[in-house]
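Convention: sequence-line order gives letters A, B, ...; per-chain numbering from 1.
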Protein chains: 2
Amino acid sequence: MSQTVADLRVERKPKLSETVVAAIRKQLLAGEIPPGQKLPTEGQLTEAFGVSRTVIREALAKLAADGLVEARQGAGVFVSEHISTTFGVLAADMGAKDSVALNVLEVRLAIEIESAGLAAIRRNAAQEAAIQEAFFEFERLLLASQPTGPADLAFHRAIASATNNPFYVEMLDVLGRRAIPCDVTSPWSTELVQSDEYQRGLQREHLVILNAISAGDAEAAREAMRTHLAHSQQRYRERLQARQAYYANSLKAASTE
Amino acid sequence: MSQTVADLRVERKPKLSETVVAAIRKQLLAGEIPPGQKLPTEGQLTEAFGVSRTVIREALAKLAADGLVEARQGAGVFVSEHISTTFGVLAADMGAKDSVALNVLEVRLAIEIESAGLAAIRRNAAQEAAIQEAFFEFERLLLASQPTGPADLAFHRAIASATNNPFYVEMLDVLGRRAIPCDVTSPWSTELVQSDEYQRGLQREHLVILNAISAGDAEAAREAMRTHLAHSQQRYRERLQARQAYYANSLKAASTE
DNA sequence: ATTATGTAGTTGTATGATGACTTTCGGAAG
DNA sequence: CTTCCGAAAGTCATCATACAACTACATAAT
């Protein structure tokens, strides 16, 4: 049997509750609702999201399982105390400075290396499918010459999700917002970032990670992720130097003019 | 009688779905349904447990969130393949808070492993001395039969500091506040934690880490830290179970009174 | 002022129905 | 006989509604 072809056919089914979970989680991590405060009632959320109360309840149950919120019968659903404060402080500290960005990237490296190893051990079929889907989405965008940044982020996020430890995802969300290797919105994102060769290299590294996770080899997955992020670090440094050189040149050009 | 103080006890309202979750989880742990196999349908479970489908669905959603099962629309609910490695099996009877603590501890594990590796490479003389100092301080306190918790924390903190990346220290502070393996202030910190043999084991593991960092061997440092924290995880689980047993006993004693 | 009580609001549970998807099985075509 | 196709049954996902249990707050009674 040729299962290779069948493996490529991975169509994911996003459950409604999952999208609601993602939306609410985003708001909670952004600190839009202070800890200890009461969330909107299930009825209000039902109207806001345009889904039935069943979906809302399932989403809230998932968030409660993750420890982000806790429901009290008759009173309401409340934001847990410890979570938001934990990550809110970190997020506040991370300014837009590049020196900070490099350090943050290094912390993110630690998180992702371990999450890759755990994902290799704990992933289930659906989670593995999600990782594959992100990989092929990257491939598709690359062939279509479209920005691949979101797919790259989705790839790493799917891996974190496959650890079945919600904190890895939250950490990645908080850290990733500051230091994304493929941030195409950055002002100094020149053709270097979007070059085909550059992104091909990314995909090669992604493939090694994907294979290791699929094979359930934690050690190999960690090592693959380590080299991948180490390379990302290197590329990031090069881009910083390139920008620095650019400024230096423009400065010199201005002085000679 | 002043029941207000006694309200702190674990007289929470057990939701029906939680009961069902515990029952199914126990069956899964017992291996009554082999991995990859299909669970009874929601309808069958409603009859078996005598509750509504709402409760069954919520219970299954919680189990799916823990990574124990996965539901495929139109097909059924199946036992996940990699059960033994997830935290779900540990969270059998413990509350949500303990489960969160274990997850946080796992994230801290990722941070510390990498920080050990970086410390081995980047440490300067003063930082290496600080690590050694913390190590010997632990030794001194141990011989003096005094609490070693602070020294243990200082040891890990010195390593994080030796990475020359301030975020590692900050990260450790934030996470450590939640789940400190050597929290002597905990009510369930019995003689198990303070036993000489227990702390001797800690020191042996510390020594391996210290040697690797001094030798500048990043790989060895990471591996040593990994085993150290993995053991800490194991000890933490045992203490949670011990506390659980303690509460069960006190409850039984209260009922016979 | 304090206590008791009621009332509205919220979450927890039950029930029924419908849509979407998967599997299975039988029949038709080759 | 084998292969392909489609109908049908089984199952989860979602929706809608209703009631029960509980909480918080306002109100009334002492």
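- A salt bridge is absent between B:Glu114 and A:Arg222: the closest approach of a Lys/Arg side-chain nitrogen to an acidic carboxylate oxygen does not fall below 4.0 angstrom.
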Review item, nucleotides 10-14 of chain C N/O atoms under 3.5 Å of protein N/O:
{"from": "C:dT11", "atom 1": "OP2", "to": "A:Glu42", "atom 2": "N", "distance (Å)": "3.1"}
{"from": "C:dT11", "atom 1": "O4'", "to": "A:Gly74", "atom 2": "N", "distance (Å)": "3.4"}
{"from": "C:dG12", "atom 1": "OP2", "to": "A:Arg57", "atom 2": "NH1", "distance (Å)": "2.9"}
{"from": "C:dG12", "atom 1": "OP2", "to": "A:Arg57", "atom 2": "NH2", "distance (Å)": "3.3"}
{"from": "C:dG12", "atom 1": "O4'", "to": "A:Gln73", "atom 2": "OE1", "distance (Å)": "3.2"}
{"from": "C:dG12", "atom 1": "N7", "to": "A:Arg53", "atom 2": "NH2", "distance (Å)": "2.9"}
{"from": "C:dG12", "atom 1": "O6", "to": "A:Arg53", "atom 2": "NH1", "distance (Å)": "3.3"}
{"from": "C:dT13", "atom 1": "OP1", "to": "B:Leu16", "atom 2": "N", "distance (Å)": "2.7"}
{"from": "C:dA14", "atom 1": "OP2", "to": "B:Ser52", "atom 2": "N", "distance (Å)": "2.8"}
{"from": "C:dA14", "atom 1": "OP2", "to": "B:Ser52", "atom 2": "OG", "distance (Å)": "2.8"}
{"from": "C:dA14", "atom 1": "N7", "to": "B:Thr54", "atom 2": "OG1", "distance (Å)": "3.1"}

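- Under the side-chain contact (heavy atoms from CB on, under 4.5 Å) test applied with A:Ile159, the options A:Gln127, A:Met225, A:Glu112 reduce to a single match, A:Met225.
- Rounding to whole angstrom units, CD of residue B:Glu70 and P of C:dT22 are separated by 14 Å.
- By the 30° and 60° cut-offs, the orientation of the rings of A:Phe135 relative to A:Phe155 is tilted.
- The nearest whole Å value for the distance from the CZ atom in B:Phe78 to the P atom in C:dC21 is 17 Å.
- No option in A:Glu32, A:Arg25, A:Gln27, A:Lys26 other than A:Arg25 meets the side-chain contact (heavy atoms from CB on, under 4.5 Å) test with A:Leu29.
- Between A:Arg200 and A:Glu205 no salt bridge is recorded (no basic side-chain N to carboxylate O distance below 4.0 Å).
- As a whole-Å value, the separation of A:Ile56 CD1 from D:dA16 P is 12 Å.
- The minimum heavy-atom distance between A:Glu58 and B:Ala61, with the atom names listed, is CG-CB, 4.2 Å.
- When atom types are taken as modelled, the side chain of B:Gln37 and the backbone of B:Pro34 share no donor-acceptor pair closer than 3.5 angstrom.
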Q) Would you write out the dot-bracket form of DNA chain C, 5' to 3', with Watson-Crick and G-U pairs under 3.5 Å, [ ] for crossing pairs, | for pairs to other strands and . for unpaired bases? A) ||||||||||||||||||||||||||||||
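- Considering every non-hydrogen atom in both B:His156 and B:Leu172, the closest pair reads O-CD2, 3.7 Å.
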